Amino acid sequence: MTYSSNESTRKACCQKDNHCIENKENEGTPIVGKVVGFLGAITANSPTRLPLTTVLFKTPGIKIPQDGGITVQEDGEYFISFDGTFIPDDDRVVTFSIYTPNFSGTALSGAGIATLAELVCLREGDTVYVTVTSNATLIPTTITGILIVAKVED
């Protein structure tokens, strides 16, 4: 199976054509990263970056920063999927926020599960990462998450 660049998607993601960078070396190769992480403790009302550093799958065009998340090495439109879990409690609220330089979103959560899926335009060097906030200090905690970032091609 071959993958080719879609000129209209590339132009939609890159406001100025000369700002898009396509890595011709990886042309035809899917760009996908999947990482998982666990947060052992969290302080009340203090956003804490989820250390999504355990690589489950990674192709060329993806880097994993030391503090967690996924960094893309090519401009384009990307599918971002995040799933988080936590032990539900009536007295506490756990919020997962997903960030990129041009997008931020909150995962919908309920009954100990949170999820978010979006199409986002990313530029070379952009990092997708997740923060967790709770209204109560949680030590120990069982907050986990899985982040997937995949370049979309037609």
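Computed from a predicted model, the values in this text were never measured in an experiment.
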Given Ile98 and Val128, is the side chain to side chain contact (heavy atoms under 4.5 Å, CB included) satisfied, shown in steps?
CA-CA 7 Å; Ile98 295 79; Val128 181; 4.0 Å; yes
Could you give me the CA-CA distance, side-chain angles and deciding distance for Thr95 and Thr133, then say whether side chain to side chain donor-acceptor pair (under 3.5 Å) is met?
CA-CA 5 Å; Thr95 303; Thr133 308; over 6 Å; no
If you look at every heavy atom in [X] and [Y], which pair is closest and at what distance?
X      : Y     : value
Leu52  : Ile64 : O-CG2, 4.0 Å
Lys34  : Ile70 : N-CD1, 4.1 Å
Phe79  : Ser81 : CE2-CB, 3.6 Å
Ile143 : Phe86 : CG1-CB, 4.0 Å
Glu124 : Gln73 : CG-O, 3.5 Å
Thr53  : Gln66 : CG2-O, 3.4 Å

Side chains of Thr137 and Thr43: donor-acceptor distance under 3.5 Å anywhere?
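The criterion, which ignores hydrogens and geometry beyond distance, is not satisfied for Thr43 and Thr137.
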Would Val94 and Val132 count as a side chain to side chain contact (heavy atoms under 4.5 Å, CB included) here? Give the steps.
CA-CA 7 Å; Val94 177; Val132 181; 3.8 Å; yes
[Y] reachable from [X] in the ILVMFWY side-chain graph, under 4.5 Å edges:
X      : Y      : value
Phe82  : Val36  : no
Val149 : Val120 : yes
Leu122 : Ile148 : no
Tyr129 : Ile62  : no
Val55  : Leu39  : yes

Spacing of [atom1] belonging to [X] relative to [atom2] belonging to [Y], to within rounding of 0.5 Å:
X      : Y      : atom1 : atom2 : answer
Phe96  : Leu108 : CZ    : CG    : 12.5 Å
Ile42  : Thr141 : CD1   : OG1   : 7.0 Å
Asn135 : Arg92  : CG    : CZ    : 9.0 Å
Leu119 : Glu77  : CG    : CD    : 4.5 Å
Cys121 : Asp75  : SG    : CG    : 9.5 Å
Leu50  : Ser97  : CG    : OG    : 11.5 Å

Any side-chain to backbone donor/acceptor pair from [X] onto [Y]? Under 3.5 Å, distance only.
X      : Y      : answer
Thr59  : Val32  : yes
Asp83  : Thr115 : no
Thr144 : Thr142 : no

Any ion pair linking Lys151 and Glu74 (charged N to carboxylate O, less than 4.0 Å)?
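Here Glu74 pairs with Lys151 in a salt bridge, since their nearest N and O are under 4.0 Å apart.
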List the steps and the verdict of side chain to side chain donor-acceptor pair (under 3.5 Å) for Asp126 and Thr100.
CA-CA 7 Å; Asp126 285 354; Thr100 74; 5.8 Å; no
Apply the test side chain to side chain contact (heavy atoms under 4.5 Å, CB included) to residues Tyr78 and Ile31: give CA-CA distance (whole Å), side-chain angles for both, the deciding distance (0.1 Å), then the verdict.
CA-CA 9 Å; Tyr78 286 80; Ile31 298 175; 4.2 Å; yes
